[in-house]
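We number each residue from 1, following the sequence as shown. Quick caveat: nothing in here was measured; it's all calculated off a predicted structure.
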Amino acid sequence: TESARDGTIGEVMAYAEDFVHEKGLHGVMNYYFRATILALLNNEISVAQAATNFKRMARRYHYPALLRSWNMLASHDTPRLASVLPHLQQRRFAFALAFLFPGVPLIYYGEEIGMLGGHDPANRAPMVWDPARWDNNLLEFLHSLAELRKNHVSLREGGYVPLPQPAFPTVLAFARVGQQPQETVVVLANASDTLVRGRFFLPLSGMFDSLPLRDLLNPERVVRMESGSFATELREYDVAVLCPMEAKKPRYSFFSGYNNNKLPKGS
């Protein structure tokens with residue numbers, strides 16, 4: 001086990017439902033999350049299978065323990081991510097989901113600058129301290145993901161709502177929700193090297209008609225709700241992180257008078 005401020009994090013290299021019940025571990029090193037992401041990006045499973053795995057964890061793990069669990073993609077016991085996924089866009093996709101799925105993103109040292117390393121002992125090589133050998137674009141991307149998590153409470157504490165999109169079999173979709181609809185963060189992740197374009201549906205009552213949503217990773221992408229849906233496109237391994245934009249008109253809000261204290265923790 002590993003100690004944590006909020007309790008004990010268990011190194012469980014399995015599906016961990018029986019370890020994170022209310023009186024069990026306070027969280028786990030989430031290898032099941034890692035296995036799901038890598039299998040998805042290596043075309044070993046479908047998006048539907050990945051979505052099922054995510055939904056099962058959100059529903060069956062003790063949810064506070066899931067929020068404390070480590071969303072990890074590499075560790076001292078596994079090959080490094082850059083050695084497993086040499087495609088940079090796939091790695092960015094994986095890192096984004098580590099910050100967006102319920103849990104605490106864990107970045108194994110050197111992952112942020114693209115260190116290579118196969119099986120033990122190569123995966124435990126010393127840190128590369130020469131900035132000339134760093135992938136600074138990747139480092140900047142991880143900084144931006146950390147800022148998102150810092151600035152949006154729903155990404156730290158919010159519930160998980162699966163948003164299956166059967167018309168788009170390569171798109172993994174879910175929302176992180178808080179007590180107020182303006183805290184909602186909608187995630188669309190295209191797990192393919194093919195452009196996806198079309199209309200996506202959000203069965204979330206607070207996403208009112210004409211409400212604009214802005215991509216927190218790509219502010220130039222703004223979509224507008226139309227009767228519970230919106231149209232957009234996703235590039236290869238693109239991850240859209242959409243959040244409601246408040247109206248600029250004085251004394252006007254899309255959410256005036258709307259109160260929903262029944263939003264789920266893990267649905």
Is a donor on one side and an acceptor on the other found under 3.5 Å between the side chain of [X] and the backbone of [Y]?
X: H21; Y: K23; answer: yes
X: S83; Y: P79; answer: no
X: H26; Y: T8; answer: yes
X: R221; Y: D215; answer: no
X: N71; Y: P105; answer: no
X: D238; Y: R235; answer: yes
X: R197; Y: T232; answer: no
X: N190; Y: V171; answer: no
X: N30; Y: R34; answer: no
X: R176; Y: S154; answer: yes

Is there side-chain contact between [X] and [Y], with heavy atoms separated by less than 4.5 Å?
X: L234; Y: L195; result: no
X: Y61; Y: L67; result: no
X: V185; Y: L155; result: yes
X: F33; Y: W70; result: no
X: I107; Y: F99; result: yes
X: F101; Y: M57; result: yes
X: M207; Y: T184; result: yes
X: F174; Y: V186; result: no

Taking atom [atom1] of [X] as the centre, does the number of heavy atoms from other residues, nucleotides or ligands within less than 6.0 Å exceed 12?
X: E44; atom1: CD; value: yes
X: Y108; atom1: OH; value: yes
X: R56; atom1: CZ; value: no

Determine, stepwise, if the pair I113 / M127 fulfils side-chain contact (heavy atoms from CB on, under 4.5 Å).
CA-CA 10 Å; I113 49 98; M127 175 66 182; 4.0 Å; yes

Just one of Q90, R92, Q89, H87 clears the side chain to side chain donor-acceptor pair (under 3.5 Å) bar with Y237, so which one?
Q90

Is it true that V128 and L142 fall in one hydrophobic cluster, defined by side-chain heavy atoms closer than 4.5 Å?
no

Can you tell me how far [atom2] of [Y] sits from [atom1] of [X], rounded to the nearest 0.5 angstrom?
X: L145; Y: E112; atom1: CG; atom2: CD; answer: 13.0 Å
X: F230; Y: L242; atom1: CZ; atom2: CG; answer: 5.0 Å
X: E111; Y: L73; atom1: CD; atom2: CG; answer: 7.5 Å
X: S227; Y: D209; atom1: OG; atom2: CG; answer: 4.5 Å

Axial cation check for Y109 ring with R80, 6.0 Å and 45° limits
yes

Residue set satisfying side-chain contact (heavy atoms from CB on, under 4.5 Å) with R199, at least two apart, ordered chain then number -> F201, E226, S229, A231

N137 meets the side-chain contact (heavy atoms from CB on, under 4.5 Å) criterion, sequence neighbours left out, with D135

Hey, is D18 close enough to R60 for a salt bridge, meaning N to O under 4.0 Å?
no

